[in-house]
Each structure stands twice: as C-alpha cells, then as structure tokens.
Enquirer: 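Could you have a look at this structure, given as structure tokens, before my questions?
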Amino acid sequence: MSSRTKVLLSENGALVALVVLAVALSLLSSDFLSVSNLLNVGVQAAVTAILAFGATFVIITAGIDLSVGSVAALSAITLAYLSTTSGLPWPLATVIALAVGVVCGLANAALIAYGKLPPFIATLAMLGIARGLALVVSQGSPIAMPDAVSHVGDTIGGYLPIPVIVMVVMGLIAAVILNRTYPGRAMYAIGGNEEAARLSGIKVNRQKLVTYALSGGFAAVAGIVLASRLASAQPQAAAGYELDAIAAVVIGGASLSGGKGRAFGTFVGALILAVLRNGLNLLSVSAFWQQVVIGVVIALAVLVDTLRRRSSN
Amino acid sequence: MSSRTKVLLSENGALVALVVLAVALSLLSSDFLSVSNLLNVGVQAAVTAILAFGATFVIITAGIDLSVGSVAALSAITLAYLSTTSGLPWPLATVIALAVGVVCGLANAALIAYGKLPPFIATLAMLGIARGLALVVSQGSPIAMPDAVSHVGDTIGGYLPIPVIVMVVMGLIAAVILNRTYPGRAMYAIGGNEEAARLSGIKVNRQKLVTYALSGGFAAVAGIVLASRLASAQPQAAAGYELDAIAAVVIGGASLSGGKGRAFGTFVGALILAVLRNGLNLLSVSAFWQQVVIGVVIALAVLVDTLRRRSSN
Amino acid sequence: MSQEILRVEGLRKRFPGVLALDGVDLSLRTGEVHVLLGENGAGKSTLIKMLSGAYHPDEGRVLLDGRPVEIRTAGDAQRLGIATIYQEFNLVPELTVGENLALGRPPRRFGFVDVKAMHRQARELLDRVGLDIDPRRKLGTLGIARMQMVEIAKALALEARVLIMDEPTAVLTTGEVDRLFSIVRQLRDQGVAIVFITHHLEEIAQVGDRVTVLRDGRSVAEVPADTPEDELVRLMVGRPIDQQYPRESERPGRALLKVSGLGRRGHFDEVSFEVRAGEVVGLAGLVGAGRTEVARAIFGADHYDEGEVTVDGRPLPAGDIHAAMAMGLGLVPEDRKGQGLVLGADVAENLGLVTLGRATRAGFVDRQGQRKVAAEVAGRLGVRMSGLGQEVRTLSGGNQQKIVIGKWLLADVSVLILDEPTRGIDVGAKVEIYQLINTLTASGHAVLMISSDLPEVIGMSDRVLVMARGRLVGELPADEATQDAVMALAVTEVEGSRVQ
Amino acid sequence: DTTGTSPTGGSGDIKIGMSVSTLNNPYFVQLRSGAEEEAKKLGVSLTVTDAQNDASQQVNQVQNFTSQNMKAIVINPVDSDAAAPAVKAAERSNIPVIAADRGVNGAQVKQTVASDNVQGGKLAAQELAKQMGEKGKVVVLQGVAGTSASRDRGQGFTEGIKAYPGIQVVAAQPADFDRTKGLDVMSNLLQSHPDITGVFAENDEMALGAIKALGAKAGSAVKVVGFDGTPDGLKAVQDGTLAATVAQQPKVLGQQAIASAVKAAKGESIQQTVAVPVKVATKDNVSEFAG
Ligand SMILES: Nc1ncnc2c1ncn2[C@@H]1O[C@H](COP(=O)(O)OP(=O)(O)OP(=O)(O)O)[C@@H](O)[C@H]1O
Ligand SMILES: Nc1ncnc2c1ncn2[C@@H]1O[C@H](COP(=O)(O)OP(=O)(O)OP(=O)(O)O)[C@@H](O)[C@H]1O
Ligand SMILES: [Mg+2]
Ligand SMILES: [Mg+2]
C-alpha cells in the first residue's frame, strides 16, 4: 500500500465504513448503484456536507456551532426577501445573504472570544435568534427564490447536479484553508492547546473570529443551495441540521475536544448519513424503524473505525 | 457576606442572572410574582431539570448525552404500554420503565467505554434508537397512563405540585451523589483528567457505566413525570429536550470539557429557561420574536455571569 | 541484609515506529534507593509505567517477592504495594488539593465520602512534605513545583513497599529537594524499595545506593551510586562530556530589555532590571518567589498593574504577546504540557508554531519549508523520535522539552526568556542547549534564564538576580555567585512585601 | 426486477411511493393507515416514508422514489411551495403525482386530495363563537411558527372570528403542536388572562394539553376547540372536555389519495381536485366520526 493510501485509510477510517455501507446497500437493493441514484445521494448530502465543512473549522478549535441550520435559513430568507419582495438585483441580494451568514458567525465569535461565553451557549442563543429573525423577516411564510439563483438547484446538461459541484468546491476550499493557510493551521493549534497557541504568538481571539465567520459563511452557502433546490426559502428550513452537521464531522474523525479533523473526513461523514437515508428509502424500511436503523448504523460505522484503529495498533 | 453565601454566589453565578430575570419580569408583568405562577414555573421546569440533573453527571465526566429526551419518551411509553395495553400491574410496569432508562444509559456507556465511541456519536445513535423504539411500541399514537401513576402529575392538597417535589428530590439525590459518593467524586476526577483518574486506580470504564446509567435513570423519571402531567405517554414527547437539558447544565456553570458542574447550578439553569418561557407567555411576545428573545436572554444570562466573574478577579 | 523484592526480566515494549524497551533487567532490594539513569528517550519512564500498570509489556516478566505478577491496571499495582510518582503529573486541576491526595480512594463513612477525614488526612500528608497550603485550595492554582510536592504526598499516602519516582526533582528548588531527600532516606530506612529517576547527576551520590543505566531501551550496566559522575556519563551517553557549563561570556552591549518598577498585586512588586546584548542573566529564587509571573508579565502573557518594559529602548505595550514577539521577545514557558506544546499535534507542527506567521505568504503557509527547518532543529537538539510526524504526546519527557525550546530557536528573537529550560533534559542535550545559548549571545542577542537548578544558573549566567516573595532582593556577578550566596538572598524576609 | 424491498400492503406489480410530512402526529399516522388499507384492498405495493417535517428531506424521498421506478407518487407536502421541485422531478420521469392534504404551488400535480385548512379555521371560529354565546375572550395556541398548517388554520380562524365583534382574541402564543407545550403555555396564559372563556388550538394535541391546564373549567367555563379530529381528540369531545374539533377525516384522505394514484398509474384519467370535506365534530355528532 502506498503511504498516501495508508494515510488516507488510517486517518479516514470512516471511508471504510462508507464502503462497507455502500456494498451492503448495493447487494440489498438493485436501485442503489445506478448513476442517477448516486447523483441523488450526492445532491442529498450537499447541504449537510456544506454545513459540516463550516462546522469542521469550529470543531477543530474545540468549539461547537449549533447555529448553522438557523443561519442557513436566515441567509436564504434574506436573499429571497431582498430580491423577490424588495426587488433588489439578485447578485446584490446574494452578497448580502452571504454577509448575513458571516455576521452571525462573527457575533458568535465575539460572544465566545470577548464575552467568554461557552461556544455551546453562544451558538445556542444564535440558533434561536437567527431562526426568529428568519420568521420575522418572512412573516412565517416561504418566499420564492429568484429564478436566477434557483438554477443552483438544477443540473448541468440535465445530468450533473449543481449542488454536488458546490459541495465539492466548498470541500476543496475547506481543505485548502485547513491545510495550507495561516488561519487553518492556527485552528489546529488553538484546538490542541489554546494556551500554547497564545504563547506562540497566535492571536487566538482574532482567529476565532475567522473560524466562526467561516462557519457562518458556509452556512449561508448551504442555505442558498437548500432554498434553490426547493425554489423557495423557508423560515423553518434546515431546522435540526446542526446535529447532522456535527455528526458528519465527528464520524469523519474529528474530536469535539479539538485539534483534530479533516475536510475529507467530514465529506465522508456527510456521505455516510446521506447514503444511509437513501438506502432506508430504497429498502422501504418502515418509518418507525428508520430512526432505529439510522442509530444502529451510525454507531456501527464509527465502531468499525475505532475497532480497526485499535487492532492496527 | 458569610463564606457559604460567597461560595454559593461565586460558584453559581447563574443565580444572579436568575434573580435579575425574575426582578425584570415582576416589573414587566404583575402576574409573574403570584404564588400560583411561581408554582407553574416550577412544574414547567421539572422535566427539563430532572433530565438536566442526569446530564450533569455525564457532562462532569466530559461526556455528553443527547439521548435523554428520547429515553424519557421510551420509558414513559414502556410504562403506559405495559400497564394500559398489556395489563401489567403499574408498580411492576414502573420498575420496568425505570430499568429501560437505565439500560439505555448502560448501552450508551458500553459503546463509549468499551467501543471507544465519542459520547456525541454513541448518544446520538441512542437518540434515534430510543425514539424509534418508542414509535414502534406505541405505533405512533399516544397511550393512556395508568391512573395510579398519573397522580405524579397532580398536586398535593390542590396546591403543591408533585412534579416540583420530584424535581427537588431528584436534585438532592444528584447533589448527594456528586458531593458525597465515590462515583460522584470519580466523575469529577474523570472529567478533570481521565488519565490521572485511571492511574490513581479509579476504574474509569466502570464509573462511566454508572454515570450514563444514572443519566438514563433520571431520564426515565423525567419521562414518567412528563407523561403523568398529560395522563398520556406520547411517542414524540420530550423531542429536542436534550439541548434544553445541556443548556441548563452549562448555564448552571458546568463546562462541556468536564470536571466542573453542580446540581444546584443545573437547577438554577433549568429555572432560568422555565422562567424565560413563562415570562414570554405572560408578556404575550409574538411567536416569531420569542426565539429571538430567548436567544438574547440566554446569552445575556451567561454573559452577566462571566463578566461578574472576570471583574471579581 | 536487604533482600530482593522486585525483579524485572527481559522486558520488551514496542510502540508504533519505536522499540522503546529492548530487553531490560532490573533488580530492586528492600531498603535501597535504586537510580535509573539514561538519556532522554532511553526508556526509563516506559519501564516504570509497566510496573505501575499504565502499560503492558510485550515480552518479559515482573517478579514480586520471587513470584511472577501480572500488573494490568493501576489498581493492581496499588494492591501489590507499588506506588508511582509520574514524570507528567497525574493530578486533577479542577479538584482541591485534598481530593487529589485521596484520588481514587477517598475515606468513606456509611458509604459516603467523609470530607472532613479527607482534609484531615490531607493536612497530615502536606505537613509531611512540608507544604503549607490549605487542602481545600484548588490544585490548579498551585505553581508547578508545589504540584510536584502534592504528587509526592499523594504517593506517600499509599504507604507502599515499592515507591517509584520519575524525575521528582526536575522542577524543585534546593529547599524542596532537601526535604524530599530526607523523606526518601526515612522511607528507605523503613525498608521501602525506591526507584529514583533523575538527570541531576549530583543527586545520585546524595540519595542513591545502586544505579542501573539504560541505553537505547537496554539495561547496559548496574553500578554503585558512588561511581564517579564522568563514568556515569560515559555509560549513559557512550562518550565523555568535558565541560558541563560551557559558558563563553561576551562583552555586554546596550540594554536590550529594560524592566522598571514592574508590579502586579499579589504576585510581584517593584521589579527593575535590565538585560544587555550578549548577556545571559539568571533569575534565581525559591518556589513561589514570583519569577515565572514576572517573565509572563514581561512577555505579555499576563497583565501587570504598574511599571514599564522597554525593548531596545522602545516601550512595550502591556498584555500584548504579538507586540512583544514583533519587538523580538520570546518566552519558553515552564509548563511544557500546559503551555508549551500542542500534545496532539506532531513534532513538525509544534516546532513550526512560533514561526507560523513568518512562514506565511499571502495567507498561505509554506509547510514544506517549515518541515525542513524543523528537521534541522530536531537534529541539532538530538530529539529522539520516529520522525517529524510523531505525535508530541508520545515523545519522552525530555524530548518534549527539547521541542518547546526548539520552536523558539527557530524564531529570530533578540531577547529570549527561558523558564526552567532544561527541566528533564539529559546531560548531553543540556550541553547542546548551552551551546545554543552561547550562539545566541555571540550574535548580540540576550537571554534571561529562570532556573531552579542552581548549578545551572550559576554556571551559565553572567549575572544572577535573586527574587524572594515577589521582589528582587539582590544581584550577584558571575564570579561572586555561589550556591550559598544565592540561597542566602533567596530566603531574605522582605519588608512590606505585598505578596503572601 | 428482483429488489429486496419489503413494501407494506400487497405485492402487486404496481409500486406506489408515499411521502408523509411527518409521522410525529397521530393525524398523519391515520392518513397513512387509510392509505395502507386502500393499498391492501387494491393489491398494490405501497412504500411510505416520513419527511420529518423537513421539506428538503421530502424532496430527497421523492427523488429516491423516481430511482425506484415507482408507478405513482403520493406526496403529503411539508410545505406547498417547497414541494414543487420534487413534483417537477417526478414529472420529468413521467411519474404521476397526487398531492394529499395540502396542495402543491408552482407545479402541476395530477390530483390534489385536500381538506381546506383555511376553511377549517373558519369553521372552528364559527363553532367556538357559537358555543361561547358570541362573546368573551379567547386565546389561540399556535403550531410551529412558519409551518403551513399553522399559517392556514390561524389565518382561517382570524378571518372567521372577525364576524363576531363580541369576541376578543387576547393572546396568541406558540405551543408547537405539542401536547406538553400546550399544557405549559395554557397554564402560563391563565395567569395573565384568567377570565378567558374560549381557546382555539391549531391542533388537537395542543387542545388536549390546554384542557389539562384548564382542569375542571374545560368544557364548562372555557370552551376549547381543536383541529384534526384525532382519536384522543374525538374522545375528549365525547367526554365533553373538548367543545369541538375540526375533523379532517385523514383516513378518507389517505384512501382517496391511493385510489387516485392507482388510477393514474394505470393511465386512467382522474379529476383535478377531490375535496374531502372538513367537518366539525361536536358532542352531538361525534359518534359519526368513530373508527
Ligand atoms: N505511547 C507511546 N507511543 C509511541 N512511542 C512512545 C510512547 N511512549 C513512549 N514512546 C517512545 O518510547 C521511547 C522511550 O520513552 P520514555 O518516555 O520511556 O523515555 P525516558 O527514558 O523516560 O526519557 P526522558 O528522560 O526524556 O523522560 C521514546 O522514544 C518515546 O518516544
Ligand atoms: N494560577 C494562579 N492563581 C493564583 N495564584 C497563583 C497562580 N499561580 C501562581 N500563583 C501564585 O503566584 C506566586 C508565584 O508563583 P510560582 O510558584 O509560579 O512562582 P515561581 O517563582 O515561578 O516559582 P516556580 O516557578 O519555582 O514554581 C505564588 O504565590 C503562587 O501561589
Ligand atoms: Mg521519562
Ligand atoms: Mg516558575
């Protein structure tokens, strides 16, 4: 095995679980391995994956961001409201929507870095605030997305879904940020030992601003992709997605105590969740049993990984 | 100030926030300070508080338990199903329901201690599994609680609500466990420095079993109280309560990185959440704004605490 | 005549990428102090962790009273009467001192923890090691040295037949070391068998009876404790070391670091001194004298209430690490685990932390370049590792310390503040670090060195400053600085000191 | 083909997929059982998925149905607007779609089988007003903010109650369609509005919670009107604690949707809309709703 492959497998044990899951499903259902179904899975993973890429930054710094789902909804509602209701040109509305996500992230970071709030509390507060604002702005009703933006939910050439492309691009951006940039490396140091990072000259507070702003920005992108798929921005969109996003990150090998995590692992984590849901639909598992099966498979997927890691030691 | 009071205030900064909140509400609404309303608040805090006491154990060990809401529902459904549908005598059904909670906790702990799963993943899996089983057992419909057990939702002498009494008793039990028993002290040691705990001869895995079993048991009690209040066990009861429970613990001064936390703080945290929701109803804040206000007040409550702590240094 | 109590035969232990122990034998008698000696990474800590139940050997066996025993957990070791003081503290910062002392076995009454009895017992233990602190105090608020004393007291509480001490003196000053030695001798006379690890060679003759030397995971010699130091060094390193403190003094130039009237309530007061280009200034004092606090305040890691710091004539803003670094200041902190290292990251990552900003162009980090420089420094310091990708957590204590120093050697600092820089470092590597200090001062930089190792402060400083109770109480030029002179100043009673 | 699927209800070669907005609510559980009964009767295979009130998950499920080569799809939209892309996707694969309970905006479905929530809200207002003697104070317990059920029922009620100047809505607070929250919110509102004589809850679950909070006052001093006609709700009507519930006959809805879906799958033509009437169940007529 080349050392690259080894690293890929040892650092992304989740990949093994994903492969096992996919093989099992393709044996159980002949519909699973079709190109159209796999593209479906990709589309269905996209929103969670993009949210999870943003959450990866935060979790690497030993933080947590519960607000990503709400921020996604608020950004999408902002975009739809400004362009559809207020008649702003859509490019401007899009920029403002992304800015809203970033600002929510900055607000989280300000509470955490300067107010010394635990990230759980600061982002839980933002979870409520952003959701509430989405309801206030939309008056509780869905708002149509501008057609130009809604194309993000379409496919290229009737085949390649744009959400999948957006997901891959956001994943690459996340990977480059984490591996190659100053803020990325600083995130690992802060999550590994905040005091050591501070004493090494890293401006911890400023880097936290960057971290949460990125998470907010990624959430905004996810919100726009989600709304585009539905051609409509919903005030209740992405409710509860924060747990999925965090689960994707942790399944992908990150630790909530910080210092560890990779964009690729997160990607695999999000795919596992999407494949699982898709498979349950294909297999017509009854609605009541679905949650049980999802729970069992998630536990097994991570168990495979930890056991494999232990036996290789 | 006596040293006891000082300790109480300095270690339970949330108390200050609760007092401020209560004073503000009594100024804003003349209905707030009535005895009957305060008892109301107590009743409404009870379920969250009991769940949160259980979560306190787990959080002190640097773990997290996302399954408490689902486990509460599963226990209540079990009780109702066994006594109403299967005709088992209610005391036996109650014991089995409590055992179900404990078993769920043990399953969590087994995955965490022996399977080395991150607590987030193990308990997220249990969140799905327990909820799914509750749906399966109940076939998705509410089941009537046996009358004998439903009295737990009543009041003594038409005045003192039993849920409040249960909450206080469970809080005292939690406090005694944490402060005075071996498992309690071991929880602090494990959360503060797991390696040190192990090398000091503490059987870390066994203590984790105790910890999560307690959390499961407390969740079962919470579920029974909840179902008794409605005289009906709902498969969807307490959905999403895990975030409230964890928030109560963290508002109460515990840290998700472990080693810190007190039952009294958790109690105050749960009261803050209940007072807040009660106040919003009394003040008739619009549905859209409620989430915003809750978010802002939670952030402020904890901010008050951290700022006070910083200035006192 | 003392008899053998513990015997280790052919112990072998492999970690991913390293063969940490490659057939170690050890024989321990009742009533002796058996010193384990070896370079950083030789396998000393690994060996004792297999006696304490922290690790399991891959091969070989352990005999207690002639019978083979399985030590699977810390609990097993305790039951067998083996107590261990680890190199890295095993204490819980969030708990009180008293609870740490009773960790894992609190006194109970009717099934409930008896807090009163716990604190009473804690008081007795603390008295035994001469530590005058409230057992109700939170452990995390103690300095490193006092934590070490708590760790010692905790091990004493077990009343063990075999007591293992892994570098207990690394962070202690002379006073505590004397105290510790008297406890050790007392236990030895009661028949306790003691395993003692140290890198301070002079301590071997003071307390030791026999010495086992480890090299590259093998036991290479067992010699009496009165073996000459040169011979011990030769056995351990494989070559003699001619000069332990090779200080080459320069002509001091202009003042690079100037501290005037620095004060922080409750910590230190009226601290004024300067460090000039080409100089090594030592800062000595007893534990709790406030040296670490002063260093941190200068560097901007803590705030201070009064006074001023200037670097090369320019005033330094308070509490701003980034500004301090920009002006050429560096700090090697005393607590490597808590403040110096990202334990979960690898060697390259840790070595590159301080220079991360410098290696960044347009937001992108030149990680290739960083690895190259890291490899070079690691080589110069002789870091024993399986590669730059090894997690720092799994390095031996001394090698971790080399990383903490190494990352600052990569940064281009004009004034380097070293807080206990050679803590846990073997004699060979120490000389290497001293040479690096010489290189720094030769190129016009300055060093402020805090150290509890008196011979080191005296041997390497051009001037020695002494602190007591938060104040500077004296200054000695190199030729007047003797151990007695420094100690005499260090115990000065300070009039009107605001430090408790 | 030889898929390992294990669909419920029948083993015919017609495969129908049904995405239900949520199964967290007895109302939709009944909708599903109506559908399953009908599928069994007609001998077709039916796959039911639960969108958990998440519009995008529903889109995913409909997409998955198209991969599975379903012959017809029944969608019970989480949200009328957000269901459009899913319906369009099915359309592209030439699979007929039937909308159940809620319509779909912005895309053409073969048939909408619905009971009108806005209309139901109006009926609730009329019944509540009647039982209150057209005067007094009312509180409204709202569902999850931003959901279409809450929106439409609330809107219908607000419009309907305008006709009664003697009735004043003194508070409207969210209780998220949840029985426990209905109990808590009602208890709180009773502190600030002890003199109310009417409650409108946007579903039966909240109404039942409110009845718990009202205790002996429920059915006597205070009239509570719910929505959905769930078994527990109808039972409460029978007991006299719930003044009325707007019954939507979810079982009929489910049956009708499947019947139409099977017709569509066979290529038969079907009507654009089928209205399953909403009825107000009161103590007088509750026996008609049993079963
Ligand atoms: N958990 C581990 N994983 C991998 N390698 C390890 C682990 N623990 C120790 N090692 C390696 O084993 C070797 C011996 O380490 P050990 O800690 O025993 O050295 P030591 O003699 O105590 O050194 P020091 O004087 O620096 O404390 C080192 O090369 C170290 O990197
Ligand atoms: N985290 C802390 N909180 C409160 N007081 C502290 C804290 N750390 C240290 N102190 C106090 O500051 C004083 C000096 O601390 P410290 O022991 O670190 O000094 P030092 O001279 O660096 O000694 P050494 O480094 O040898 O331990 C002591 O009075 C100590 O109690
Ligand atoms: Mg060592
Ligand atoms: Mg110091």
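Numbers restart at 1 for each chain; the letters A, B, ... are given by sequence-line order, proteins then strands.
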Enquirer: Please report the closest heavy-atom contact between L117(A) and L303(B), naming both atoms and the distance.
Expert: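 Minimum heavy-atom contact is CD2-N, 3.5 Å.
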
Enquirer: Who wins among G240(A), A301(A), A122(A), G115(A) for the most heavy-atom pairs under 4.5 Å with chain B?
Expert: G115(A)

Enquirer: I'd like to verify something: which residue of V250(A), I294(A), I298(A) has the highest number of heavy-atom pairs under 4.5 Å with chain B?
Expert: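 Max contact count across the listed options: V250(A).
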
Enquirer: Hey, can you dump all donor-acceptor pairs under 3.5 Å between chain B and chain A, distances included?
Expert:
| unit_1 | atom_1 | unit_2 | atom_2 | d |
| --- | --- | --- | --- | --- |
| Y114(B) | O | R310(A) | NH2 | 2.7 |
| G115(B) | O | T306(A) | OG1 | 2.9 |
| T306(B) | OG1 | G115(A) | O | 2.9 |
| R310(B) | NH2 | Y114(A) | O | 2.7 |

Enquirer: Under 4.5 Å heavy-atom distance to chain B, tell me which part of A247(A) shows up: side chain, backbone, both or neither.
Expert: both

Enquirer: Looking at CD1 of I251(B) and CG of L124(A), how far apart are the two atoms once the value is rounded to the nearest 0.5 Å?
Expert: 7.5 Å

Enquirer: Quick one, P118(A) and L256(B) - any side-chain contact, counting heavy atoms below 4.5 Å?
Expert: no

Enquirer: Under 4.5 Å from any heavy atom of chain B, what part of L300(A) do you find: side chain, backbone, both or neither?
Expert: neither

Enquirer: So which of I121(B), L127(B), V297(B) has the largest heavy-atom pair count under 4.5 angstrom toward chain A?
Expert: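 Going by pairs under 4.5 Å, I would pick I121(B).
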
Enquirer: So, using side-chain contact (heavy atoms from CB on, under 4.5 Å) as the criterion, who are the partners of V275(A) when residues are at least two apart?
Expert: L18(A), L21(A), L25(A), F32(A), V41(A)

Enquirer: Using a cut-off of under 4.5 Å on heavy-atom pairs, state which of V296(A), I246(A), I64(A) scores highest against chain B.
Expert: I246(A)

Enquirer: Which heavy atom of L133(B) sits nearest to which heavy atom of V292(A), and what is that distance?
Expert: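 Where L133(B) meets V292(A) most closely, the heavy atoms are N-CG2, 3.6 Å.
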
Enquirer: Identify, with sequence neighbours excluded, every residue that meets side-chain contact (heavy atoms from CB on, under 4.5 Å) alongside L106(B).
Expert: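 So L106(B) forms a side-chain contact (heavy atoms from CB on, under 4.5 Å) with V102(B), L209(B), A213(B).
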
Enquirer: Quick one: does F120(B)'s side chain get under 4.5 Å of L243(A)'s, heavy atoms only?
Expert: yes

Enquirer: Please name all residues satisfying side-chain contact (heavy atoms from CB on, under 4.5 Å) with A134(A), sequence neighbours left out, ordered by chain then number.
Expert: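 Residues passing side-chain contact (heavy atoms from CB on, under 4.5 Å) with A134(A): L74(A), I77(A).
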
Enquirer: Which heavy atom of A299(B) sits nearest to which heavy atom of L111(A), and what is that distance?
Expert: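 Looking at all heavy atoms of both residues, the shortest contact is CB-CD1, 4.3 Å.
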
